[in-house]
Each structure stands twice: as C-alpha cells, then as structure tokens.
Participant: 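Attaching a single structure in structure tokens format; questions to follow.
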Amino acid sequence: VDHLLARAEQLDAADPLAGWRDRFVVGDPGLIYLDGNSLGRLPKATQARLSQLVDVEWGEHLIRGWHDWVDLPERVGDALGSALLGVAAGQVLVCDNTTVNLYKLALAAAKARPGRRVIVTDDDNFPTDRYVLAQLAAQQDLELRVIATPIDEGVQLDAVRAAVDHDVALVSFSHTAYRSGALAPMATIDELAHSVGALTLWDLSHSVGAVPVDLSRSDLAVGCSYKYVNGGPGAPAWLYVRRDLQTYLGNPIAGWFSQRDQFAMGPEYSPRQDVGRFLTGTPPVLGLVCVEEGVRVLAEAGLDRLRAKGIALTEFVIEVADAWLSEYGVRIATPRDPERRGSHVVLEHPQAWQLAQALTAAGVIPDYREPNRLRLGPAPVYTRFIDVHDGLSRLRTILRESSHTSFPAKAASVR
Ligand SMILES: Cc1ncc(COP(=O)(O)O)c(C=O)c1O
C-alpha cells in the first residue's frame with residue numbers, strides 16, 4: 001500500500017486553504033504545476049478584471065481612465081505592503097521591475113552614505129542583483145565586497161560580520177535563496193549593518209506572498225510580483241522605502257512621475273516628499289491591476305495560513321523525496337529545518353536537467369537551476385498535497401526506468 005498517498009489525501013482533507021485552488025484558472029486539470037515560485041497561476045478574478053479594464057476602462061473611458069489609474073502604484077503598493085509585508089501604508093510602490101527598483105534604491109542608499117566606499121553582497125545572490133550591484137559599484141568608484149555563501153546553507157553570519165565595517169554604505173542580500181530556498185537571517189543582518197551605520201536593501205522576490213518578513217528593522221526592500229503573488233508574466237515589481245528615509249534618499253531616475261505637482265510641467269525637478277519620489281515614468285496599468293487582484297486573493301487567504309501550508313507542503317516534498325528518491329541519488333539541497341527555508345525545495349541530481357525535461361514530458365512542471373538542481377515550488381494557495389505525491393511519483397518512475405536519459409543532456413538556452 002502507498003501510505004504516502006493516504007497521507008496526501010489526509011493533508012488535503014484537513015487543509016483550510018483547499019478551496020482557494022478554485023479561485024485560479026486550472027487550464028489543464030491533468031497538469032501538475034510545481035513552478036509557482038517562477039510564474040504563479042492566473043487568478044479568475046484577474047481574468048474578469050482585465051477584460052473590464054480593456055473593454056470598458058480603456059475601450060470606453062480612454063484618457064479619462066487616468067483619474068482611476070494614476071494612483072495605482074501607491075494603492076496596490078499599500079495593499080501588498082499591508083497584506084504581505086506587514087508594513088503601514090505609504091511605504092510601498094508597485095512599479096518598474098525588480099532589477100530597476102534594485103538599481104534605484106541601491107544607488108540612492110550609496111549616495112546617502114557619502115565617503116563610504118563599500119557595498120556588501122554575496123556570491124549566491126540572484127544574478128540580476130550581483131550584476132546591478134557590480135556595475136553600480138564600478139560606475140560610482142565603489143568596491144563591491146562579495147562574501148562567499150555555501151549554496152545549500154545560505155548567507156553565513158560570520159562572513160557578513162567579517163565583511164561589515166565603517167566603510168560600508170549598503171548591505172544587500174536576498175531573503176530566500178533562489179537556488180536552495182535557504183533563508184538569510186534578516187534581523188541579525190539588519191542589526192549588524194546598522195551597528196556600523198550602513199543601510200540594508202533586501203530582495204524579497206522568493207519570499208513575498210509565501211514567507212512572512214519583519215521589515216521593522218530593515219531600510220529598503222524590493223521584490224517581484226509574478227511568483228507567489230500571481231501578478232502574471234512581466235507584472236510590475238514593488239519597492240519598499242521606510243518612511244523616515246523617503247525624503248533623505250533620492251531617486252537617481254528623476255522621472256516626471258516622481259515630480260511634485262507633476263502636471264505643472266515646471267522647469268526644474270523638485271521631487272515628491274513621500275514614497276512617490278521613487279516612481280519613474282508612466283505606470284503599467286494592465287500589469288498593476290493584475291497585481292492588485294493577485295494580492296487580494298493572498299490577503300484573503302492570509303499570510304499566516306499560507307506560510308503554515310508552505311511549510312506543510314515543503315515538509316511533504318522532503319518526506320516523499322526521502323522515501324522514494326534518495327535511492328536514485330537525489331539529494332535534498334534545501335535546509336531541513338522549516339524555519340530556515342522558504343517555500344521551495346531543491347532536489348539535486350547529476351542529471352537534473354534531463355529529469356526536468358522528462359518530468360515536463362510526463363505532465364509535471366518543475367523548474368531547473370544550475371548546477372544540477374530541480375527546483376519545486378508548490379505555491380501554498382493552489383497546490384494540493386496530492387500534486388506533490390503524484391509529481392514525485394512520476395519522478396520516481398522516470399528514475400526507476402532511466403527514461404530521462406533519452407532527453408538531451410545539454411541544457412537549453414531558456415531553462
Ligand atoms: C531574487 C530575484 N531577484 C530578481 C529577480 C528578477 O528580477 P526582474 O523582475 O527584474 O527580472 C528574480 C527572478 O526570478 C529573483 O528570483
């Protein structure tokens with residue numbers, strides 16, 4: 001008998017969020033989707049809202065629509081901040097993409113600490129973070145101090161401690177590591193940075209909507225909204241600037257949406273005195289309403305329940321992988337302590353790329369990351385325990401039959 005099947009059924013029956021799956025479009029009920037940490041599913045409310053926006057607001061209201069659209073970055077920012085980041089209104093904007101927001105805030109922070117020459121990050125930070133910070137440092141004649149992070153364990157406090165001194169302007173890490181799911185010790189890092197007078201900037205892309213964060217001691221944060229927030233492909237990202245820093249930091253991109261009395265079209269740039277100074281140009285209205293609907297669904301589900309289910313789902317992934325997959329050389333590359341991981345689990349195997357292709361062909365969508373990492377992100381709001389069971393059961397069959405070896409070993413360019 002398959003006692004793990006019985007466990008999955010029990011867990012689904014007892015799941016307080018079980019009904020939330022119905023709020024999403026499930027185009028192919030046979031498809032097992034374990035990639036919610038890359039691109040979340042489409043909420044049904046978003047479908048309806050988008051057609052209303054396109055047909056009525058754009059189609060009929062035309063330019064008059066801007067009365068309702070113009071404050072969307074702040075309105076959706078407040079909703080996201082309150083439901084998913086636990087912060088008061090007036091500190092979050094939904095705008096641009098994560099890369100651009102990271103650049104804006106990192107440069108603003110570096111400029112706010114004149115005379116300090118160092119930005120600290122780590123070698124396992126997400127590529128866009130490393131590239132942006134490296135180029136920013138080069139352009140500003142600063143040093144990027146890159147600490148070494150063991151991929152599976154995540155950012156090490158000793159290394160942060162050794163890197164942080166009075167020459168440091170900014171400390172910037174990701175909270176949930178994209179390649180392992182390991183959580184960085186945010187509060188202690190905020191404390192260490194502040195003890196030398198540096199600012200902190202967090203990338204919460206893999207946390208927001210799945211893992212609660214405490215930003216009370218942090219200065220700045222950014223994140224995307226197309227993963228757990230279900231904002232859709234290319235949805236605008238968000239940024240957080242703590243209220244007391246808003247007039248002290250400057251937006252390096254002095255776009256007209258960050259201007260006080262924007263439509264006066266005045267001769268000189270005079271930035272807004274609130275979080276709005278971190279806007280740039282015209283906001284992407286279609287994407288913003290998608291983020292608004294995505295946030296609404298998660299707000300109703302409740303972040304505490306999402307986190308509890310995220311832990312239960314990842315525990316179950318690990319339990320099933322231990323039982324079925326370890327004999328085939330699959331290794332859990334994510335912290336086993338649920339307090340130390342986000343909402344995805346990484347399985348390492350020398351043929352992970354072939355396994356990812358074989359799984360996709362078998363109707364299970366995983367994610368692949370270098371090196372040799374199969375990444376499973378069972379988004380708490382719509383993933384069932386039975387999906388984990390069935391997905392890993394198909395993976396076991398693939399491994400048992402070695403059917404993945406007929407797929408190309410060389411990785412595709414989009415993976
Ligand atoms: C940690 C992290 N930062 C940033 C990004 C992407 O940034 P952008 O939306 O600018 O492409 C991702 C995307 O996966 C990410 O995982």
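Just so we're clear, the structure is a prediction, and the values are computed from it rather than from any experiment. Just follow the structure's listing: the first ligand is 1, and inside any ligand the first atom is 1. FYI, side chains are in, hydrogens and waters are out, and symmetry mates aren't considered; it's all heavy atoms of this structure.
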Participant: Between Arg384 and Asp387 (salt bridge meaning N to carboxylate O under 4.0 Å), is one present in this structure?
Facilitator: yes
Participant: What atoms of ligand 1 come within less than 4.0 Å of a heavy atom belonging to Asn97?
Facilitator: 10 (O)
Participant: Looking at Asp141 and Arg117, what are the two nearest heavy atoms and their distance?
Facilitator: O-NH2, 3.2 Å
Participant: Can you check which of Lys227, His206, His175 brings a heavy atom nearest to atom 14 (O) of ligand 1?
Facilitator: Lys227
Participant: Using distance alone, determine whether Ser174 and ligand 1 share an N or O pair under 3.5 Å.
Facilitator: no
Participant: Got a salt bridge between Arg307 and Asp304, using NZ or NE/NH1/NH2 to carboxylate O under 4.0 Å?
Facilitator: no
Participant: Answer yes or no for Arg41 and Tyr382: cation-pi contact, defined as NZ/CZ to six-membered ring centre under 6.0 Å and angle to ring axis within 45°.
Facilitator: yes
Participant: Salt bridge check: are Glu268 and Arg260 linked by an N-O gap of less than 4.0 Å?
Facilitator: no
Participant: State whether Arg21 and Asp15 are salt-bridged, where the test is any N-O pair (Lys NZ or Arg NE/NH1/NH2 against Asp/Glu carboxylate O) under 4.0 Å.
Facilitator: no
Participant: For ligand 1, find out whether one of its N or O atoms is nearer than 3.5 Å to an N or O atom of Tyr178.
Facilitator: no
Participant: Among protein heavy atoms, which sits nearest to atom 5 (C) of ligand 1, and what does the distance come to when rounded to 0.1 Å?
Facilitator: Phe126 CE2, 3.4 Å
Participant: Examine the side chains of Thr280 and Asp96 and answer whether a donor and an acceptor come within less than 3.5 Å of each other.
Facilitator: yes
Participant: Below a 4.0 angstrom heavy-atom separation, can you tell me which part of Asp129, side chain or backbone, both or neither, approaches ligand 1?
Facilitator: side chain
Participant: Atom 1 (C) of ligand 1: which protein heavy atom is closest, and how many Å away?
Facilitator: Asp203 OD2, 3.3 Å
Participant: Phe126 pairs by ring-ring contact (aromatic ring centres under 6.0 Å, His included) with which of Tyr131, Phe173, Tyr178?
Facilitator: Tyr178
Participant: Check this for me - ligand 1, Thr128, N or O atoms closer than 3.5 angstrom, yes or no?
Facilitator: no
Participant: Of the protein's non-hydrogen atoms, which lies at the shortest distance from atom 6 (C) of ligand 1, and what is that distance?
Facilitator: Tyr226 OH, 3.3 Å
Participant: Using heavy atoms and a threshold below 4.0 Å, how should the contact between Thr99 and ligand 1 be classified: side chain, backbone, both, or neither?
Facilitator: both
Participant: Using a 4.0 Å cutoff against the non-hydrogen atoms of Thr98, which atoms of ligand 1 qualify?
Facilitator: 4 (C), 7 (O), 8 (P), 9 (O), 10 (O)
